[in-house]
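Okay, so here's the structure we're looking at.
Numbering of ligands and ligand atoms starts at 1, following listing order.
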Amino acid sequence: MEVRVISTTPFDDQKPGTSGLRKKVATFQQPHYLENFVQAIFDTQTALTGGTLVLGGDGRFYNRTAIQIILRMAAANGVARVLVGQGGILSTPAASCIIRKYQTQGGIILSASHNPGGPDEDFGIKFNIDAGGPAPESVTNALYARTQRIDRYRIVDADPIDLDQIGESRLGELVVQVIDAVADYADLMASLFDFDAIRQLFNAGRFRMRFDAMHAVTGPYAVEILEHRLGAESGTVINGVPLEDFGGGHPDPNLVHAHALVELTSGAQGLDFGAASDGDGDRNMVLGRDFFVTPSDSLAVLAANAPLTPGYKNGISGIARSMPTSQAADRVAEALGVECFETPTGWKFFGNLLDAGRITLCGEESFGTGSDHVREKDGLWAVLFWLNLLAVKRQSVADIVRAHWRRFGRNYYTRHDYEGIDSAAAEGLVNHLHILLPSLPGQQLGDFKVAFADDFAYTDPIDGSVAAHQGIRIGFENGARIVLRLSGTGTQGATLRLYIEQYEADSARHDRPVQEALAPLILIARELAQIEARTGRTQPDVIT
Ligand code: G1P
Ligand code: ZN
């Protein structure tokens with residue numbers, strides 16, 4: 001099979017963000033755009049030559065086209081074998097699972113996560129390393145550098161591979177193996193959680209739940225695990241068929257975009273348990289009846305109860321949370337006497353800690369929770385963890401969380417997103433805060449006295465690498481915090497994220513509405529950052 005070497009010129013916008021390269025579909029459809037990025041992966045990840053690559057995506061528009069292009073390029077670049085998920089589907093955590101299980105040299109995941117899909121929406125690509133996790137910055141920087149100098153790529157001419165039939169075929173020397181996208185992942189889940197106990201919970205007949213797959217990638221995984229292996233009634237998984245445009249929805253499991261599920265769990269007739277996952281299956285939202293579990297609390301609750309599950313019965317070695325995530329998990333780590341780490345936003349920063357065995361659980365406020373079982377956050381894993389706890393504890397979601405607050409105190413927490421704001425205005429706002437930072441410590445702002453104010457920098461305890469400019473932290477003497485940062489995943493304008501946290505030890509004050517409890521601090525943050533004056537926005541677009 002003849003390898004064609006195609007001349008190309010660099011695109012200047014191929015720097016991977018928080019989680020890979022994300023752009024509008026039309027950007028990826030430009031001649032050579034995808035090819036340049038993929039060739040940069042093959043040029044820099046030399047172990048793929050003669051090695052095995054995992055390939056799959058969240059099923060969004062352009063997924064299948066991109067997979068065919070990548071297969072033809074893999075053949076031209078001397079990759080020995082590619083494991084492709086059937087139908088081109090692999091959830092992000094399943095891809096991580098397969099990279100690890102079959103000890104491959106890495107994987108390419110096609111996804112823009114929770115961003116909408118369709119011809120006018122978003123597409124994305126990211127490379128995961130042989131440990132199964134997102135490429136660390138050393139790799140993404142090398143990749144980006146390569147994209148800036150690229151002058152040719154390699155590809156073979158071939159008919160499309162049938163992605164729907166499980167089995168092997170060849171593209172020249174390359175073996176393309178279409179694999180069951182679900183089985184390996186489902187087996188891993190069965191090894192971690194008490195499937196018998198969960199099966200009994202479903203069999204007893206009183207427990208009612210729905211899992212909203214949001215027409216994204218987790219549908220087939222959830223149907224297999226919840227309905228087939230665990231015996232939940234058919235129809236437990238809703239919106240379970242992956243669609244190229246996610247049914248026109250926004251596959252982001254939060255109170256705004258998964259509001260239909262919120263309604264199903266509301267009121268006296270509400271479900272006992274509601275859960276949802278995002279476009280590529282790594283995020284999760286957990287709801288009880290009339291009760292929303294803040295992702296930061298979810299991490300803390302899972303950590304405190306881990307020994308109730310078979311996979312974590314010996315306890316956990318440590319916990320890590322991203323910097324904007326609430327400090328609820330820190331309190332659990334302290335009580336357990338295990339280490340706790342504060343890392344920059346993005347799952348890639350957990351990889352070294354997981355590899356070194358320093359942490360078992362980790363999470364982000366952005367609906368991401370996970371453990372050392374893979375190297376990605378894992379939506380269904382979190383849902384199964386909760387189901388395991390519900391099955392063992394025989395308590396409602398709300399009761400489990402309230403009991404947790406009584407023991408550890410409550411970290412009231414919210415995130416406000418200002419989306420699609422003018423990029424220059426967003427930069428101006430951040431610069432203004434940078435200038436303000438040194439003068440803040442010691443200042444009294446309303447009822448709050450500033451203890452520290454900085455631009456978060458992280459030194460990786462394993463390899464010593466430094467990540468600077470990871471967001472502005474303003475900490476108060478009572479443990480409350482204001483955090484501000486700009487999103488690294490958006491594809492249009494800038495998104496400002498404002499995170500607010502306040503600790504409440506007194507259990508008589510644990511049932512206040514979150515926005516009300518945090519109102520004074522929110523006001524302080526808005527004024528300090530001059531949000532309205534600089535962005536023209538009086539209200540955030542999304543509150544979680
Ligand atoms: C967002 C989340 C972050 C998460 C990332 C990928 O990134 O805030 O926690 O790791 O998506 O899912 P951001 O847009 O804030 O850069
Ligand atoms: Zn995702």
Any chance the side chains of Asn305 and Tyr312 put a donor and an acceptor closer than 3.5 Å?
no
Please work out whether any backbone atom (N, CA, C, O) or any side-chain heavy atom from C-beta onward of Ser366 is under 4.0 Å from ligand 1, and answer side chain, backbone, both or neither.
side chain
Heavy atoms of Pro93 and Gly281 approach each other most closely as CG-O, 3.4 Å
Take the Zn ion (ligand 2) and tell me which protein N, O or S atoms are nearer than 2.8 Å.
Ser113 OG, Asp278 OD2, Asp280 OD1, Asp282 OD1
Among non-hydrogen protein atoms, atom 10 (O) of ligand 1 lies closest to Glu364 OE1, 2.7 Å
Using 4.0 Å as the upper bound for N to carboxylate O, is an ion pair formed by Lys24 and Asp122?
yes
Please state which option from Arg22, Lys126, Lys377, His114 has its nearest heavy atom closest to atom 12 (O) of ligand 1.
Lys377
Between His250 and the options His257, His215, His114, the ring pair (Phe, Tyr, Trp, His ring centres under 6.0 Å) test singles out His257
If the cut-off is 4.0 Å to any non-hydrogen atom of Gly346, which atoms of ligand 1 fall inside it?
10 (O)
Taking only heavy atoms of Arg497, which atoms of ligand 1 are found under 4.0 Å from at least one of them?
8 (O), 13 (P), 14 (O), 15 (O)
Show me which atoms of ligand 1 lie under 4.0 Å from any heavy atom of Gly488.
13 (P), 14 (O), 16 (O)
Can Arg473 and Glu342 be counted as an ion pair, charged N to O under 4.0 angstrom?
yes
With a distance cut-off below 6.0 Å to the six-membered ring centre and an angular limit of 45° from the axis, does Arg481 pair with Tyr503 as a cation-pi contact?
no
pair Arg64-Leu163: side-chain heavy atoms closer than 4.5 Å
yes
